[in-house]
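Each remark here refers to the structure printed beneath this line.
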Amino acid sequence: MSENSLRHVSIERTGPGRFTATNARGGTLAFGTGADTEGGTEFTPVELLLAAIGGCTAADVDVATARHAEPAAFTVTVTGDKISDELGNRLTGLAVTFAVGFPDGASGDRARTILPRAVAVSHNRLCTVSRTVEVGTPVTATIAQP
């Protein structure tokens, strides 16, 4: 692993069922278990996974299309069914749906033409998050001294 390829976040417990993730640049994101706790509106880890899939591909598609026209509407919806079976808890049927509109005119027409290819290229090659999920990457868990 090179220094440029390593990605890192740390997660600190901030209360019962509540956590804060911090990235290498100092950005933070609060999340929780979704339990009925004070401020229980944070994302759950499963929702963060869905947001990561949608956010990754949304960023790819935005870069490709917005250079031609600023979108009039841009919404990405990510869904999945949470199941528990012999393989454990997991999501199945993950689906990413784009609802993107561009203004009338030549620049909007170019962006509309590029949209399907941008979605496909993001899904098939560029989006690190969905590529990791689809290809399947082992996850190791270890215990370190605090």
Side-chain angles (χ1 to χ4, degrees), residues 1-103 108 111-146:
M1 294 269 159
S2 75
E3 192 174 307
N4 292 331
S5 69
L6 182 64
R7 302 298 185 263
H8 166 74
V9 297
S10 63
I11 298 168
E12 296 285 332
R13 182 181 185 269
T14 58
R18 299 181 78 192
F19 305 88
T20 297
T22 304
N23 66 21
R25 295 173 307 285
T28 61
L29 177 68
F31 65 97
T33 60
D36 291 332
T37 59
E38 181 183 336
T41 58
E42 291 101 354
F43 280 76
T44 67
V46 170
E47 292 164 339
L48 288 174
L49 176 63
L50 296 175
I53 291 169
C56 182
T57 194
D60 291 341
V61 171
D62 188 48
V63 166
T65 58
R67 68 175 62 130
H68 299 285
E70 186 66 21
F74 195 118
T75 302
V76 178
T77 304
V78 185
T79 60
D81 295 308
K82 185 176 177 188
I83 66 166
S84 182
D85 61 13
E86 66 279 355
L87 298 175
N89 294 342
R90 60 195 176 95
L91 292 173
T92 63
L94 292 171
V96 180
T97 304
F98 281 82
V100 182
F102 297 98
R112 271 187 290 284
T113 299
I114 290 167
L115 180 62
R117 183 173 185 277
V119 169
V121 169
S122 176
H123 176 75
N124 295 326
R125 296 282 315 150
L126 298 179
C127 177
T128 303
V129 179
S130 63
R131 297 304 313 143
T132 300
V133 170
E134 279 200 315
V135 171
T137 299
V139 177
T140 60
T142 59
I143 298 173
Q145 293 298 318

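In this chain, residues are counted from 1 in sequence order. What you see is a predicted model, and the numbers here were worked out from it, not measured in a lab.
- T14 places a side-chain N or O within donor-acceptor distance of the main-chain N or O of R18, the cut-off being under 3.5 Å.
- Checking S84 against N89 by side-chain atom types alone, a donor-acceptor pair falls below 3.5 Å.
- Residues P103 and E70 approach most closely at CD-O, 3.3 Å, considering heavy atoms.
- For residues 52-66, the pairs satisfying side-chain hydrogen bond (donor to acceptor under 3.5 Å, both in side chains) are T57-S122, D60-S122, with sequence neighbours left out.
- Distance check: T113 OG1 to H68 NE2 gives 9.5 Å after rounding to the nearest 0.5 Å.
- Pairing each heavy atom of F74 with each of A58, the nearest pair is CZ-O, 3.6 Å.
- Every pair passing side-chain hydrogen bond (donor to acceptor under 3.5 Å, both in side chains) that includes a residue from residues 47-56 is listed here, sequence neighbours excluded: T44-E47.
- With rounding to the nearest 0.5 angstrom, the CG atom of L50 is 6.0 Å from the CG atom of L91.
- The two residues A64 and I114 come nearest to each other via the heavy atoms O-CG2, 4.1 Å.
- Remark: the backbone N or O of H123 is paired with a side-chain donor or acceptor of R131 at under 3.5 angstrom.
- One distance of note links CG of L48 with CZ of F19; it measures 12.0 Å at 0.5 Å rounding.
- Expressed to the nearest 0.5 Å, how far OG1 of T20 lies from CD of E12 amounts to 8.5 Å.
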With side chain to side chain contact (heavy atoms under 4.5 Å, CB included) as the criterion, how do V61 and V121 come out once you've worked through the C-alpha distance, each side chain's angles and the decisive distance to 0.1 Å?
CA-CA 9 Å; V61 171; V121 169; over 6 Å; no

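- Distance check: T92 OG1 to D85 CG gives 8.5 Å after rounding to the nearest 0.5 Å.
- A ring-centre distance under 6.0 Å is not found for F31 and F43.
- Taking 4.5 Å as the limit, some side-chain heavy atom of R90 sits within range of a side-chain heavy atom of I83.
- Atoms CG and CZ, from N124 and R117 in turn, are 10.5 Å apart once rounded to the nearest 0.5 Å.
- Judged purely by atom type and a 3.5 angstrom limit, R25 has no side-chain atom pairing as donor or acceptor with the backbone of T22.
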Test L94 against T79 for side chain to side chain contact (heavy atoms under 4.5 Å, CB included), laying out the working first.
CA-CA 6 Å; L94 292 171; T79 60; over 6 Å; no

